[in-house]
2 protein chains.
Amino acid sequence: MTNQTQTADRARPVRERLIDCASELFYAEGIRAISADRIIAGVGTTKATFYRHFPTKDDLVLAYLHGKADWERTAITAAADTPDAYDALGGVVGVLANSSCQPGFRGCPFINAGAEYADVTHPVRRLVAEQRQWWTDFFRSLAERLGVPAGAPADSAAGQIMMLRDGALVAGYLDDPALVEANLTKAITAVTAP
Amino acid sequence: MTNQTQTADRARPVRERLIDCASELFYAEGIRAISADRIIAGVGTTKATFYRHFPTKDDLVLAYLHGKADWERTAITAAADTPDAYDALGGVVGVLANSSCQPGFRGCPFINAGAEYADVTHPVRRLVAEQRQWWTDFFRSLAERLGVPAGAPADSAAGQIMMLRDGALVAGYLDDPALVEANLTKAITAVTAP
DNA sequence: GTCTATAAGAAGATAGAC
DNA sequence: GTCTATCTTCTTATAGAC
């Protein structure tokens, strides 16, 4: 065992630990609900160090959302990486439904961030828009794999599946997560049926 | 013209004016983003008067959400009050799509409140759950009017339509509101098809 | 019921020593 | 790069006069 591994937790750069702690707290309780002070206390550092790494709190918020975006893209890309289009769909629905059932699930971090950031020109909102565009593009290509004709039909299918994705994550948070998988599967099947 | 009408704006009880001002600001910018001070200044009253009417800020938040719930129930009930089930569906979709296209649209106030209130036992979250139950019940009966068999099939249809409603409101806020009506209509038609 | 004044704490952010 | 100490502003909420 290397020294690095032994002291990994304390040796990990403060910057990373700040992002990890912020990710947990921002997602669990909301961004405005969490002060910089609470993250500083959670990591065990000081204000000065915090603001040396992140000039403003919003810079840390952006780092948090970038991490969530990376996770989503990796997980969804992997779930869809199979030859059969229906398996790919099942894999994607599985990731969404499974996430919804995890303890501490609080819905989509980007929808939640949108609720807290009203200014559409704010960097947070730009990142939200980017990530939603990624999802829409992903669903368009999945729809095409499922046999929906490219062009307007696939665009429309992508929009409809995106609505279902959003609704599934909202339902997983505010309603009954146990119903998400069945309802989402049925609905996506219906909107992509020939 | 009565004296009441002439002085309506200033004579309207402070309590109502506080709720109206709060509704605009909470919805437009987020609940935690708006301080009691800003609402007090918006109405032109004082802290003491504010806290006499609403012991805590959360009491005003609840009044705001009650107002939104009343509006939704009234508008949706009216839109569905027609003999033909497809007209009723069109009316409901019309209300949702039209709302999404209004300037200042910020999505569903209950989804947004859920993002800001993480404690499921908080009165705000209880109100959110109540209003979502109302919607689900409404969609279940609409699905039955559209020919979906009562029981499990109507329950499932209600869950799927609810996902689409949520997704439509999210899309109207974070994506392109102009696409909401067509996509929502197609998707609900698909999930309720025999 | 409404006002002025103020408490008491938390918020985001910075100065300057080490 | 990190620390102690501090600044300024904002936040929810109250006391006591009228």
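Predicted model, so just to flag it, every value in this text is computed and none were measured.
- Judged as a side-chain hydrogen bond (donor to acceptor under 3.5 Å, both in side chains), and not counting sequence neighbours, A/H53 has no contacts.
- For C/dT2, the OP1/OP2 oxygens have no side-chain nitrogen or oxygen of B/T45 closer than 4.0 Å.
- Of all non-hydrogen atoms in A/I31 and A/A113, the two that sit nearest each other are CD1-CB, 4.2 Å.
- Rounded to whole Å, atom P of D/dC10 lies 15 Å from atom CD of B/E29.
- Between A/H53 and D/dT2 there is a side-chain polar atom (N or O) within less than 4.0 angstrom of OP1 or OP2.
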(message) Can you build the contact string for nucleotides 7-18 of chain C? Use B for base contact, S for sugar-phosphate-only contact, and - for no protein heavy atom under 4.0 Å.
(response) ----SBBBB---
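- B/S156 meets the side-chain hydrogen bond (donor to acceptor under 3.5 Å, both in side chains) test with A/N183, A/K186, B/Q160; sequence neighbours excluded.
- By the side-chain hydrogen bond (donor to acceptor under 3.5 Å, both in side chains) test, A/R15 is found to be paired with no residue, residues two or more places apart in sequence or in another chain being considered.
- Residues forming a side-chain hydrogen bond (donor to acceptor under 3.5 Å, both in side chains) with B/E181 (at least two apart in sequence, or on another chain): none.
- The side chain of A/T46 contributes an N or O atom lying less than 4.0 Å from OP1 or OP2 of D/dC3.
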In a table with atom names and distances, give each donor-acceptor pair under 3.5 Å that connects a side chain of residues 187-194 of chain A to protein atoms at least two apart or in another chain.
| unit_1 | atom_1 | unit_2 | atom_2 | d |
| --- | --- | --- | --- | --- |
| A/T189 | OG1 | A/T185 | O | 2.7 |
| A/T192 | OG1 | A/I188 | O | 2.7 |
| A/T192 | OG1 | A/T189 | O | 3.4 |

